[in-house]
Amino acid sequence: MEEGDIAGRVDSYFVRTRDVVRHYGDCEVTYAVFLRRPVISACGLAQAWLRNVARAGNFQVDIREIYPEGSWVGAGEPLFYLSGSFAALAPLETMLLQKLGATCVAAHNAYQMAMALPETPFLAMDARHCTGMEMQEQMAYGAAVGSRAAQREGAVGFIGNANDHTAPFFGLTKGLGTMPHALIGYAGSTLRAAEMYADTFPGEPMTVLVDYFGREVTDALEVCRRFPEMAAEGRLSVRLDTHGSRFLEGLDPQSSYAVLERRTPGTIRRYRSEKELRYLVGTGVSAAAIWRMREALDGAGFPKVKIVASSGFSVAKCVAMQDANAPVDVVGTGSFLPETWAETYATADIVSYNGQPRVKVGREFLLKNLQASTSQESNKA
């Protein structure tokens with residue numbers, strides 16, 4: 001990226017600062033980069049961008065990583081220290097911060113999800129919620145970093161995502177997924193959509209959406225009976241994406257409570273907030289809905305047909321599903337995207353000018369790790 005391109009995209013006061021510094025004499029500065037809330041460190045994209053810009057601009061940057069990628073970072077703790085020419089770095093601050101905060105929060109959310117359902121694979125379905133390709137890359141990258149952090153602690157984590165472009169973050173070359181609701185509408189029935197898909201992609205495993213016509217159980221069983229071999233081999237899945245305005249076919253509040261009492265006695269008897277109750281026995285893809293689908297599949301002789309659940313699987317919903325021991329085989333979610341955007345605001349403060357510590361009053365805490373990292377660098381030298 002050229003200097004002119006950067007200057008047009010950043011806050012003008014950073015560009016003016018560059019011009020002042022060039023006029024009066026450049027100096028070596030060190031920035032502390034941090035967020036005000038706990039996160040998982042996911043700085044790789046931002047740091048790679050910094051190095052690429054420095055290479056194109058023929059200047060040097062020194063990045064001292066305090067928390068390795070995938071580490072938990074407390075509120076206000078510097079993620080890393082960045083050193084280099086003040087004139088070169090000043091115009092980069094805006095774009096650097098854009099690439100950090102939301103990515104680290106997404107990583108934290110993905111980590112929490114994976115740890116809430118440690119035995120369940122996740123599929124990242126975030127692209128549709130993003131504002132463009134750059135955000136799409138940042139969110140998928142954050143999910144991948146958070147997932148790897150959870151995998152180090154024994155969780156299955158995210159096994160892939162829904163598009164090709166960001167699939168390499170998850171170790172894949174292609175996105176995962178089979179059909180959207182639009183294909184069901186085109187086909188005119190859930191079964192016909194499944195037949196069309198199987199004919200177009202013979203031999204592939206298939207996941208069939210079953211909520212389009214509000215007959216989740218009926219349509220799921222019809223598809224299973226049409227493809228008994230796939231069902232018996234575990235290559236057929238049904239995806240629940242029931243809208244939050246209605247219950248899964250055959251359920252209502254009373255029968256939803258009854259399902260959980262049958263399958264996970266005691267879960268519903270503990271004190272619950274309104275949100276927890278909605279996740280457990282409410283409309284949409286509740287724990288009761290997942291259990292009901294499992295009962296129907298098993299009762300009809302299809303125990304190897306998997307259940308994929310989507311629709312609002314946030315950290316809180318994943319926790320509720322684990323509490324209800326919901327028999328979900330895969331979770332598809334983009335809900336690791338930050339809910340409160342103000343929590344994603346990253347900050348970069350200069351803490352040293354030509355080696356002399358100097359920081360805004362109230363941010364002295366940023367100097368502690370600077371001194372420690374400087375000592376470590378000196379010892380290595």
Side-chain angles (χ1 to χ4, degrees), residues 1 39-56 61 63 65 67-73 79-80 95-115 117-118 120-180 201 203-207 237 239 306 308 310 313 318 329-338 344 346:
M1 181 174 286
V39 293
I40 295 291
S41 177
C43 305
L45 284 181
Q47 292 175 353
W49 174 81
L50 272 172
R51 292 189 175 100
N52 288 336
V53 171
R55 189 177 303 113
V61 293
I63 298 172
E65 193 174 64
Y67 290 93
E69 197 82 331
S71 301
W72 184 87
V73 185
L79 293 157
F80 61 91
M95 295 183 71
L96 171 64
L97 299 182
Q98 289 173 347
K99 301 174 188 301
L100 277 171
T103 308
C104 292
V105 174
H108 188 269
N109 290 343
Y111 167 81
Q112 296 288 348
M113 289 175 179
M115 293 304 295
L117 289 168
T120 303
F122 284 76
L123 177 66
M125 301 176 70
D126 52 294
R128 68 187 68 190
H129 304 308
C130 295
T131 58
M133 183 57 69
E134 188 169 6
M135 182 179 179
Q136 180 181 335
E137 290 176 345
Q138 292 172 10
M139 296 300 95
Y141 179 77
V145 171
S147 174
R148 288 194 292 272
Q151 288 166 349
R152 290 194 292 269
E153 298 185 38
V156 175
F158 284 73
I159 59 171
N161 70 315
N163 66 81
D164 294 352
H165 181 75
T166 54
F169 291 146
F170 302 90
L172 304 177
T173 57
K174 294 287 184 181
L176 305 178
T178 53
M179 64 182 68
F201 303 101
E204 286 193 7
M206 181 167 59
T207 299
S237 303
R239 178 180 160 203
K306 298 179 178 67
V308 178
S310 53
F313 272 75
C318 290
D329 295 290
V330 179
V331 170
T333 181
S335 295
F336 49 83
L337 271 67
T344 71

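The first residue in the sequence is number 1, and the count goes up from there. This structure is a prediction, so every number in the text was calculated from the model and none was measured.
Tyr67 contributes atom OH, which lies 12.5 Å from atom SG of Cys104 (distance to the nearest 0.5 angstrom). In this structure, Leu50 CG and Arg55 CZ are separated by 11.5 Å, a value rounded to the nearest 0.5 Å. Considering CG of Leu117 and CD of Gln112, their distance stands at 12.0 Å, rounded to 0.5 Å. Thr166 contributes atom OG1, which lies 12.0 Å from atom CD of Gln138 (distance to the nearest 0.5 angstrom). A distance of 6.5 Å separates SG of Cys318 from CZ of Phe313, quoted to the nearest 0.5 Å. Arg239 contributes atom CZ, which lies 14.5 Å from atom CG of Asp329 (distance to the nearest 0.5 angstrom).
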Which donor-acceptor pairs under 3.5 Å do the side chains of residues 125-136 make with protein atoms, sequence neighbours left out?
residue, atom, partner, partner atom, Å
Glu134, OE2, Lys99, NZ, 2.5
Gln136, NE2, Asn163, OD1, 3.1

Distance-only criterion, 3.5 Å: show the donor-acceptor pairs between side-chain atoms of residues 171-178 and protein atoms not counting sequence neighbours.
residue, atom, partner, partner atom, Å
Thr178, OG1, Thr207, O, 2.4

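In this structure, Val53 and Val61 have side chains that are not in contact, with every pair of non-hydrogen atoms separated by 4.5 Å or more. In this structure, the side chains of Leu123 and Thr333 stay at 4.5 Å or more apart for every pair of heavy atoms. Considering only heavy atoms from C-beta on, Asn161 stays 4.5 Å or farther from Phe169 through its side chain. By the 4.5 Å heavy-atom criterion applied to side chains, Ser41 and His108 are not counted as neighbours.
Note: Phe336 and Phe158 have perpendicular aromatic rings, judged against thresholds of 30 and 60 degrees for the angle between ring planes.
Looking at every heavy atom in both residues, Ala42 comes nearest to Thr103 through O-CG2, 3.6 Å. Here the closest heavy-atom approach between residue Ala346 and residue Leu97 is recorded as O-CD1, 3.4 Å. Closest non-hydrogen pair, Ala155 versus Ala114, comes out as CB-O, 3.6 Å. Nearest heavy-atom pair across Ala149 and Gly70 is CB-O, 3.5 Å. Taking each heavy atom of Val156 and Thr120 in turn, the nearest pair found is CB-O, 3.9 Å. In plain terms, the two heavy atoms of Leu96 and Ala46 that are nearest each other are CD1-CB, 3.9 Å.
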* Give the C-alpha distance, both sets of side-chain angles, the deciding distance and a yes or no for side chain to side chain contact (heavy atoms under 4.5 Å, CB included) between Met206 and Ser237. => CA-CA 6 Å; Met206 181 167 59; Ser237 303; over 6 Å; no
* To do: Walk me through it: do Val330 and Phe122 pass the test side chain to side chain contact (heavy atoms under 4.5 Å, CB included)?
  => CA-CA 6 Å; Val330 179; Phe122 284 76; over 6 Å; no
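Counting only residues at least two apart or in different chains, side chain to side chain donor-acceptor pair (under 3.5 Å) contacts with residues 144-160 comprise Tyr111-Glu153, Ser147-Gln151.
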